[in-house]
Amino acid sequence: VAFRHAMQVEKSGTFRQAAAAFHEAATLYRCFADHPDLFAHVTAYPRGDRVGKQGDGRVPAGDELSDVRSVLAYVCVRLAHLSHDALGDPKAASRLYREATATDPFPSSV
């Protein structure tokens, strides 16, 4: 929900609100990626046949967690763009780009 909201707010041109929404989405995805059994309630991420058991709740299996990390990397990149272009904070943008490259399970060679 936070990710969809961030995309909608960014399209409407309110970049400070978009940055806040992307930050919220990044925080939730990071919590979910790091501790899926504790934070499964914070996402509507679809669970298919590849769902595994971890802890006492239903959590995504390895391939699905790679998908979650890819989405997290994308959210970090969008937030980095907003931080640099709209908010004028190149240090935050640089940190977010580094986090995106470290997070993405399939980083681009570009």
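Model, not experiment: these values are computed from the prediction. Hydrogens, waters and symmetry mates are skipped; everything else that's a heavy atom, side chains included, is used. Along the sequence shown, residues are numbered consecutively beginning with 1.
Of the N and O atoms on the side chains of S83 and R95, not one donor lies less than 3.5 Å from an acceptor on the other residue.
Nearest heavy atom pair, residue V68 against residue Y29, reads CG1-CD2, 3.8 Å. Minimum heavy-atom separation, C31 to F39: O-CD1, 3.4 Å. Across all non-hydrogen atoms, the minimal contact from P90 to G88 is CD-O, 3.3 Å. Closest non-hydrogen pair, A26 versus L72, comes out as O-CD1, 3.5 Å. Closest of all the heavy-atom pairs between A80 and A93 is O-CB, 3.4 Å.
Grouping the Ile, Leu, Val, Met, Phe, Trp and Tyr side chains by contacts below 4.5 angstrom, directly or via other members, places L96 with Y74. V9 and L82 are members of different hydrophobic clusters when ILVMFWY side chains are connected at heavy-atom separations under 4.5 Å.
Between the OG atom in S70 and the CG atom in D104 there is a gap of 4.5 Å [rounded to 0.5 Å]. Residue T27 holds its OG1 atom at 15.0 Å from CZ of F32, rounded to the nearest 0.5 Å.
In this structure, the side chain of T103 does not engage the main chain of A100 through any donor-acceptor pair within 3.5 Å.
The side-chain heavy atoms of E10 and Q17, taken from C-beta on, include no pair separated by under 4.5 Å. The side-chain heavy atoms of L79 and H23, taken from C-beta on, include a pair separated by under 4.5 Å. Using a 4.5 Å heavy-atom threshold, the side chains of K91 and D89 count as touching. Two residues are said to be in side-chain contact when any heavy atoms from C-beta on lie closer than 4.5 Å; F3 and E24 fail this criterion. Side chains of H81 and F15 form no contact here, defined as non-hydrogen atoms less than 4.5 Å apart.
No more than 12 heavy atoms of other residues, nucleotides or ligands sit less than 6.0 Å from atom NE2 of H84.
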